[in-house]
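A quick write-up on the structure given underneath.
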Amino acid sequence: MATDAPTATGVSTAEKTAWERIKEPAVYVRLISLVVVIGGWELMGQTGNIDPVTFSYPSAICVAFWDLIASGKMTAAAYESSQILVAGLLIAIPLGIVLGILMGRFRTFEYAVDTYVFALYATPVVALAFPIAMVLGVDFVGKTTIVVFFAIMPIIVNVYHGVRNVDLSLLEVTRSFCSTESQRWRDLIFPSVVPYLVAGLGLACGRALVGMVVAEFLMSISGLGALSQDYIADLELDKGLAPVVLLMIVGIALTKVVNICETKFSSWRVRQES
């Protein structure tokens, strides 16, 4: 098995790379920013400058977060919320990709549906919550539909623009070499669409989380939205903000997953770090 050769200083290539990563400005700038913001927020709470009736501070929120996890309330609420989040994304992602591809590749289909797509993209989805509730009910189906509406539009629009922005000269080259449609998609169109798709997925994940909470607030009160709302109504802001912290963690995790997928499926792209 090959090992990393040591350098003249006795430090292996892997260790040197890790050390260089730690020294990158992005690492310590983010660390300093977190220390300043979180530390300042905590200091204001500890010195009594934050009224616990109107807000809370990091250490109190962390304690409340752990208490809710230990009691099982957070995990039960998270499981209930995750069902509509996962169901909504599993519907929105493939459907959005297919619609975006059809709009970008076939002009007739684009002319038939683009008015509705861009109208819904510009419409506040919250305004559709009550009509959806009236038609589909306030339980799983209605909530999942809200999540789908929140998440699908960025995917459709980004994939559509990705397909439309494929280099026309490269398309002509594929035609001159008598490439089939599947070969064009494999070798040119899909690689060109990936950056747009990744951007759309990043937006979709964030909007899906928002849609999940909106659905839980405006329809039958349940899940993390209900947990947060109940504690805030009782003026227990530390416990009320704990589910929000969990949602932030989930949002960051979903973004990282999208980035990993981008790295895996767009290895042909040359990345330039400024």
Side-chain angles (χ1 to χ4, degrees), residues 26-89 124-127 129-130 133 138-140 142-144 146-147 149-151 202-259:
V27 174
Y28 59 79
V29 169
R30 286 171 180 154
L31 183 60
I32 291 172
S33 174
L34 284 172
V35 169
V36 170
V37 174
I38 303 298
W41 182 11
E42 177 68 21
L43 182 63
M44 290 180 65
Q46 294 292 346
T47 56
N49 291 312
I50 294 179
D51 186 351
V53 175
T54 58
F55 204 51
S56 189
Y57 50 92
S59 61
I61 295 172
C62 288
V63 171
F65 187 95
W66 175 252
D67 289 342
L68 290 174
I69 291 288
S71 67
K73 294 181 180 179
M74 182 80 83
T75 51
Y79 175 74
E80 189 169 355
S81 295
S82 66
Q83 290 179 306
I84 63 172
L85 177 66
V86 172
L89 286 174
V125 184
V126 177
F130 290 108
V138 296
D139 293 325
F140 181 80
K143 291 178 182 179
T144 302
I146 289 290
V147 174
F149 270 101
F150 265 91
L203 291 171
C205 289
R207 286 170 61 95
L209 285 170
V210 175
M212 179 191 75
V213 175
V214 167
E216 290 175 343
F217 277 171
L218 299 183
M219 294 186 177
S220 58
I221 307 300
S222 61
L224 293 172
L227 191 66
S228 178
Q229 193 175 52
D230 289 344
Y231 282 116
I232 290 175
D234 293 336
L235 300 181
E236 296 183 72
L237 272 297
D238 51 354
K239 293 182 178 179
L241 290 173
V244 178
V245 173
L246 179 59
L247 291 173
M248 292 171 60
I249 295 171
V250 171
I252 293 171
L254 289 174
T255 303
K256 291 298 182 183
V257 169
V258 171
N259 291 338

### Task
Measure across Ser56 and Trp41 and return the closest heavy-atom pair with its distance rounded to 0.1 Å.
O-NE1, 2.9 Å
#### Entry: Tyr231 and Lys73, any side-chain heavy atoms less than 4.5 Å apart
yes
### Task
Decide yes or no for Leu203 and Phe150: does some side-chain heavy atom of the first lie under 4.5 Å from some side-chain heavy atom of the second?
no
### Task
Check each of Leu247, Leu89, Ile146 against Met212 using the side-chain contact (heavy atoms from CB on, under 4.5 Å) test, and report the only one that passes.
Leu247
### Message
Among residues at least two apart in sequence or on other chains, which ones pass side chain to side chain donor-acceptor pair (under 3.5 Å) with Glu236?
### Response
none
### Task
Would you please name every residue forming a ring pair (Phe, Tyr, Trp, His ring centres under 6.0 Å) with Phe130, sequence neighbours left out?
none
## Note on the structure
Looking only at heavy atoms, the pair that brings Thr75 and Ile69 closest together is CG2-CD1, 4.3 Å
### Message
Ser71: which residues meet the side chain to side chain donor-acceptor pair (under 3.5 Å) condition with it, sequence neighbours left out?
### Response
none
### Query
Quick one: CD on Glu42 to OG1 on Thr47, what's the gap to the nearest 0.5 Å?
9.5 Å
## Note on the structure
Here the pair of heavy atoms bringing Gly88 nearest to Val147 is CA-CG1, 3.8 Å
### 4.5 Å side-chain heavy-atom contact, Gln46 and Ser59
yes
### Query
If we only count heavy atoms from C-beta on, is the Leu224 to Val213 side-chain gap below 4.5 Å?
no
### Query
Within the distance-only criterion (no hydrogens, no angle test), does the side chain of Thr255 pair as donor or acceptor with the backbone N or O of Gly251 below 3.5 angstrom?
yes
### Message
As an exercise, state the distance from CD of Glu80 to CD of Glu216, rounded to the nearest 0.5 Å.
### Response
7.0 Å
### Query
So, does Ser81 use its side chain to make a donor-acceptor pair with the main chain of Ala78 at under 3.5 Å?
no
#### Entry: Separation between OG of Ser228 and CG of Leu237, rounded to the nearest 0.5 Å
9.0 Å
### Task
Could you give me the CA-CA distance, side-chain angles and deciding distance for Met44 and Tyr57, then say whether side-chain contact (heavy atoms from CB on, under 4.5 Å) is met?
CA-CA 8 Å; Met44 290 180 65; Tyr57 50 92; over 6 Å; no
### Message
Could you report the tightest heavy-atom contact between Ala151 and Ala204, atom names first, then the distance?
### Response
O-CB, 3.3 Å
### Task
Write down the atom of Leu68, the atom of Ala242, and the distance for their closest heavy-atom approach.
CD1-CB, 3.9 Å
### Task
Check the surroundings of atom CZ in Phe149: do more than 12 heavy atoms from other residues, nucleotides or ligands lie under 6.0 Å from it?
no
### Query
What heavy-atom pair brings Pro243 and Met74 nearest, and what distance separates the two atoms?
N-CE, 3.9 Å
### Task
Starting at CG of Leu227, measure out to CD1 of Ile232 and round the result to the nearest 0.5 Å.
10.0 Å
